[in-house]
Visitor: 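Pasting in a structure now, in structure tokens, and then I'll have a few things to ask.
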Amino acid sequence: MQALAHFVREIGGVPYTDDPLSVRKKSRDQSFVSPILRRELAGRVADIVVSPRDKAELFAVIEAAVRHRLPLTVRGGGTANYGQSVPLQGGILIDMLSFAGVLSIEEGAVRALAGTRMLDIDMHTRRQGMELRVHPSTTATATIAGFVAGGQGGMGSCTWGMLRERGNIIALEVVSIEDEPRTIELRGSEIQLVQHAYGTNGIITEVEMPLAAAWPWRETIVAFTDFPQTIRFGVQLAKEVGIVKKLISLIEWRIPKLMEPLAPLVPSGHSAANLLIASASREAVQELAADFGGTIVSDCREGEGPYGRPLYEFAFGHGQLHIQKSEPRYTCLQGALRGDDLVAAFARVHRHFGPSMPFKLEIVRGEGEVAGTGSPFFLYQDEAHMARLAATMESEGMHVANTHTTGVREVGIKRLGERDEAFRRIMDPHDLLNPGKRSAAPETAEPAAVQH
Ligand SMILES: Cc1cc2nc3c(=O)[nH]c(=O)nc-3n(C[C@H](O)[C@H](O)[C@H](O)COP(=O)(O)OP(=O)(O)OC[C@H]3O[C@@H](n4cnc5c(N)ncnc54)[C@H](O)[C@@H]3O)c2cc1C
């Protein structure tokens with residue numbers, strides 16, 4: 001506690017709070033969606049929250065924390081759902097929301113401070129007819145650095161691939177945790193050292209991202225009488241290079257009824273493809289849907305649907321939120337499938353799961369291939385049951401990430417090699433960053449072919 005008092009004195013005018021309620025609130029992320037993490041993360045709180053507004057203030061925080069060997073956990077919007085931004089060992093929580101602003105928009109690229117919310121970035125870039133290529137379904141509250149350090153992909157990934165694809169991040173400015181912090185600029189493949197590393201190897205201060213054309217988007221829901229046909233349609237849509245699209249989210253019958261706002265739109269017993277497509281591609285999508293026997297049950301401009309929110313807020317991580325509103329015990333895993341015949345690959349997995357475990361699958365691109373990422377939804381029983389389901393999915397060729405754990409390595413999405421470890425030792429020699437998220441176990445697993 002003495003160290004904390006010294007820390008507070010030494011950071012000078014940097015805004016901070018040690019009010020227990022505020023600190024508890026900021027020490028949480030969205031991992032309550034997991035029944036296991038809900039239990040494991042209960043009571044994990046920081047000692048103090050600091051809110052640096054610029055680099056000088058951030059450096060003052062780092063220097064004082066290093067001097068007193070206090071743990072540091074960085075937080076953006078706090079929307080991570082695997083406990084990434086929960087401080088496991090107390091200490092200082094750095095709230096980056098005041099460290100925000102768009103720095104430049106030039107030649108199809110945007111550079112922004114770490115704590116800038118993605119929706120704010122898009123508001124700026126859309127004035128020039130551009131937008132971020134890829135964003136998560138939490139884009140309204142999540143920050144750009146939080147997405148880089150904790151996220152994987154989302155809207156746009158059916159065209160541009162997951163965040164980690166070469167070219168999807170142009171540059172990162174990162175600060176080391178040393179007596180005298182250093183700022184380094186990562187470009188090219190070096191970016192992967194920090195992408196999805198949960199803020200365990202440096203604090204990101206600036207992010208530079210490539211932009212894409214900001215089309216007028218349409219939200220289209222296509223209903224199908226069976227799920228395999230929904231997948232066939234989704235895969236074909238992903239392959240149609242002339243159709244401009246941002247989301248292909250496929251939900252098996254039962255799920256539309258579990259997502260209350262969508263329930264009136266999708267006929268009973270039908271599966272659905274929830275799409276974001278450019279207005280200019282509307283007729284092409286109508287034709288494709290008809291070719292596959294689908295019925296368009298809803299079609300409107302982005303954000304104007306009868307379900308009261310953007311359609312992408314029913315996809316990716318948001319799907320689980322809606323389903324849990326209907327039945328809180330529903331949970332899921334995170335599987336990835338790829339291959340020449342995704343429909344057949346999926347059918348092999350699917351036959352193990354009855355109608356009480358409906359699938360949600362997002363169609364994305366991974367390393368040039370069309371891929372599916374998703375999971376069956378099932379009623380949580382216990383960890384052993386969940387492990388059996390994961391083993392079943394894996395036995396049929398699905399890569400499964402354990403999103404009910406908080407360790408970068410244990411989740412099994414990011415491969416950590418010797419290069420990563422060396423980088424981490426340089427950037428955080430005193431092991432202060434987000435402690436507990438990075439075990440030193442040797443690398444064994446292969447990386448996920450596609451991240452979700
Ligand atoms: C309902 C729901 C839907 C979701 N949908 C998606 C989705 O579509 N796609 C997806 O990829 N993810 C999704 N997520 C996960 C999460 O919302 C995203 O990854 C989001 O981009 C995280 O941003 P954030 O600012 O909230 O980060 P936080 O939760 O604050 O932090 C995430 C991680 O990044 C680290 N971090 C934050 N800022 C910095 C920094 N400046 N420097 C270094 N490390 C930092 C934190 O320590 C933490 O480890 C979803 C989560 C929920 C709850």
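No hydrogens, no waters, no symmetry mates; every other heavy atom, side chains included, goes into these values. Both counts, for ligands and for their atoms, begin at 1 and track the order of listing. We number each residue from 1, following the sequence as shown.
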Visitor: Suppose I only count heavy atoms of Ala149 and a 4.0 Å limit; which atoms of ligand 1 are within that range?
Guide: 34 (O), 35 (C), 36 (N), 44 (N), 45 (C)
Visitor: Does a side-chain N-to-carboxylate-O contact under 4.0 Å join Glu219 and Lys246?
Guide: no
Visitor: Test your reading of the structure: does Val74 have an N or O sitting under 3.5 Å from an N or O of ligand 1?
Guide: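 So ligand 1 has an N or O lying under 3.5 Å from an N or O of Val74.
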Visitor: Could you tell me whether Glu421 and Arg409 have a side-chain N and a carboxylate O separated by less than 4.0 Å?
Guide: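 Yes, this pair counts.
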Visitor: Of all residues at least two apart in sequence or in a different chain, which pass the salt bridge (Lys or Arg N to Asp or Glu O under 4.0 Å) check with Arg187?
Guide: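 Here the qualifying residues are Glu185.
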Visitor: Ion pair present between Glu369 and Arg365, side-chain N to carboxylate O less than 4.0 angstrom?
Guide: no
Visitor: Using a heavy-atom cut-off of under 4.0 Å, does the side chain or the backbone of Gln84 touch ligand 1, or both, or neither?
Guide: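 Both parts.
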Visitor: I'd like to know whether ligand 1 has Thr73 as a neighbour, heavy-atom separation below 4.0 Å.
Guide: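 Thr73: no contact with ligand 1 (<4.0 Å).
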Visitor: Hey, can you tell me if Phe359 and Phe353 have their rings parallel, tilted or perpendicular (30° and 60° cut-offs)?
Guide: perpendicular
Visitor: Can you tell me how far apart OG1 (Thr73) and CG (Asp95) are? Round to the nearest 0.5 Å.
Guide: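 CG of Asp95 is found 12.5 Å from OG1 of Thr73.
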Visitor: For ligand 1, indicate whether the residue Asp29 contacts it via side chain, backbone, both or neither (heavy-atom separation under 4.0 Å).
Guide: neither
Visitor: Between Ala114 and ligand 1, which part of the residue brings a heavy atom under 4.0 Å of the ligand: side chain, backbone, both or neither?
Guide: side chain
Visitor: With the side chain counted from C-beta on, respond yes when Lys245 and Thr159 share a heavy-atom pair under 4.5 Å apart, and no when they do not.
Guide: yes
Visitor: Quick check on contacts: which atoms of ligand 1 are under 4.0 angstrom from a heavy atom of Gly151?
Guide: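 Listed by number with element: 11 (O), 19 (O).
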Visitor: Keeping the roles fixed (side chain from Thr116, backbone from Gly101), state whether a donor-acceptor pair exists under 3.5 Å.
Guide: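 Between the backbone of Gly101 and the side chain of Thr116 there is a qualifying donor-acceptor contact (under 3.5 Å).
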Visitor: Regarding atom 3 (C) of ligand 1: of the candidates Gly199, Ser137, Ser157, which has the closest heavy atom?
Guide: Ser137
Visitor: Which of the numbered atoms in ligand 1 are under 4.0 angstrom from any heavy atom belonging to Phe316?
Guide: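 Near Phe316, meaning under 4.0 Å from one of its heavy atoms, ligand 1 has 7 (C), 8 (O).
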Visitor: Look only at interatomic distance and state if Gly77 has a nitrogen or oxygen under 3.5 Å from any nitrogen or oxygen of ligand 1.
Guide: yes
Visitor: If you measure every N or O of Gly76 against every N or O of ligand 1, does any of those distances drop under 3.5 Å?
Guide: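 Between Gly76 and ligand 1 (N or O atoms, distance only) the closest approach is under 3.5 Å.
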Visitor: Should you measure from each heavy atom of Leu321, which atoms of ligand 1 turn up under 4.0 Å away?
Guide: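 Every atom of ligand 1 under 4.0 Å from some heavy atom of Leu321: 1 (C).
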Visitor: What atoms in ligand 1 come closer than 4.0 Å to a heavy atom of Gly78?
Guide: 24 (P), 26 (O), 28 (P), 29 (O), 30 (O)
Visitor: Between Met96 and ligand 1, does any nitrogen or oxygen pair lie at a separation below 3.5 Å?
Guide: no
Visitor: What atoms in ligand 1 come closer than 4.0 Å to a heavy atom of Arg75?
Guide: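 Those atoms are 30 (O).
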Visitor: Provide the number and element of each atom of ligand 1 under 4.0 Å from a heavy atom of Thr79.
Guide: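 So the atoms of ligand 1 that pass are 15 (C), 16 (C), 17 (O), 18 (C), 20 (C), 22 (C), 23 (O), 24 (P), 26 (O), 29 (O), 51 (C), 52 (C), 53 (C).
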Visitor: For ligand 1, which is the ligand I care about here, please tell me if Tyr198 has any N or O atom under 3.5 Å from one of the ligand's N or O atoms.
Guide: yes
Visitor: If hydrogens are left out, which of Val207, Thr143, Asn434 has an atom nearest to atom 25 (O) of ligand 1, that is, the closest non-hydrogen atom?
Guide: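 Checking each option, the heavy atom nearest atom 25 (O) of ligand 1 is found in Thr143.
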Visitor: Output yes when the distance from some N or O of ligand 1 to some N or O of Ser85 is under 3.5 Å, and no in every other case.
Guide: yes
Visitor: Please confirm whether the backbone N or O of Tyr330 pairs with a side-chain atom of Gln324, one donor and one acceptor, at under 3.5 Å?
Guide: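 Side chain of Gln324 to backbone of Tyr330, a donor-acceptor pair under 3.5 Å: yes, one is there.
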Visitor: Evaluate the side-chain contact (heavy atoms from CB on, under 4.5 Å) criterion for residues Leu186 and Phe423: first the C-alpha distance (whole Å), next the side-chain angles of each, then the deciding distance (0.1 Å), finally the verdict.
Guide: CA-CA 12 Å; Leu186 301 176; Phe423 180 72; 4.1 Å; yes
Visitor: When you check the gap from the basic side-chain N to the acidic O, do Glu206 and Lys55 get nearer than 4.0 Å?
Guide: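 A salt bridge links Glu206 with Lys55.
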Visitor: Less than 4.0 Å between a side-chain N and a carboxylate O, is that true for Arg67 and Glu10?
Guide: yes
Visitor: Under 4.0 Å from a heavy atom of Gly202: which atoms of ligand 1 are those, numbered in the order shown and with their elements?
Guide: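 By the 4.0 Å cutoff, the relevant atoms are 43 (C).
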